[in-house]
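Taking it in order: structure first as structure tokens, then the write-up.
Each ligand, and each atom within it, is numbered from 1 in the order the structure gives. Note that these values count all heavy atoms, side chains included, but never hydrogens, waters or copies made by symmetry.
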Amino acid sequence: MYNLGDSHPFSPKRIQMLIELLQEWNLYKEPLQPKPISPQELKTIHDEKYINIVEEVSSGTKINGVDLFGLGTSDNPIFEGMAEGARYQAGGTLLGAQLLIENKANKVLQFGGGFHHAHKNMAAGFCVYNDISIAIKEMTNKGWHVAYLDIDVHHGDGVQEMFYSDGQVMTISVHETGEFLFPGSGWIHELGSGMGRHLKLNVPLEPFSEGDSYLYVLNKVIEPALNWFKPNALIVQAGADAHFSDPLADNLLTTFDYEKIFKKIIELADTNCNGKVLFTFGGGYSPTATPRVWALLYLIMNNMKIPEHLPENWRTRWQQLLEKPIPETLHDELHAYEQIQRKEEIYSTNKDVVRRLMDSVAQHWF
Ligand SMILES: [Zn+2]
């Protein structure tokens, strides 16, 4: 299990809560069980030396200087079974990519993954192996063009870096500005290099950005970008940490916004790449919001009716375990957070960022 410890915010409880919620509703379909990825497959993205170090420290070997590889830090503590857990996570995302490539599925939800901060030879931001990049590579090796869309509140730096000069991969990250948030990158001038130039898009949003800004970015950046690039598939990192209750970031999405965002992304996949889309999870550190956001994604992907009321059993059990109140409904309460003062100013600053980004890239597309 990919478990960074009881006090670490990246908790496997989030997935357990989601599965139990879907089970209570009788809507849970047993997922395919992935195999852990092999060291050979990891080498498509990671350096052999890094892979060996991850494997060794994970089995208890003490090695000096592992912090140079981002390991043994507060973000990435070394835990027993770390390598195996990370290989299972990457195996799941790789399996998702293979299902799309082999035409065995059109829409895939990986119940995990989304480790977008992992670098070629360094762990970062709770991420050890970059499962998303491995999945993208599997597709580009088959000659596919891939669009990667990252709505996690943090910049998808690891994935962007791996494909910065790759003309087969478009990356689009919408995040809270790096001025205030880890990893501090993801600026509009990061546009890619060489063959990948003008294919790497970043929309750094003001802290306290709301759903209107996200929908604006979807309509004004993501939609035209995909209409032009026409990828063979879309891979989406659907981190839930842009939710207003997330303790690690400031943006203010509600479940109503997430519902609109997920529906729009699926519509864009249907229009631009024959519906081929692979979603992974990612960040999401509010234990009471994250399972609800991902349950919405599951229901929308499966064209299921959205049950509004959360099962009483589930709520009672998890309220006791978490010692936190859980809303009675899948959706947030209306007006669940206090209205912010600078609402209009934030929206207008974000629109300006979008305008400046599109001014510098769109002329190269059409
Ligand atoms: Zn995040």
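A heavy-atom distance below 4.5 Å is found between the side chains of Pro307 and Leu27.
Shortest distance from the Zn ion (ligand 1) to His154 is reached at ND1 (N/O/S atoms only). Of all N, O or S atoms in Asp241, the one lying closest to the Zn ion (ligand 1) is OD2. Asp152 contributes OD1 as its N, O or S atom closest to the Zn ion (ligand 1).
By the 4.0 Å N-to-carboxylate-O rule, Lys43 lies close enough to Glu48 to be salt-bridged with it.
Within the structure, salt bridge (Lys or Arg N to Asp or Glu O under 4.0 Å) pairs that include any residue of residues 276-289 do not occur (at least two apart or interchain).
The distance between the ring centers of Phe126 and His117 does not fall below 6.0 angstrom.
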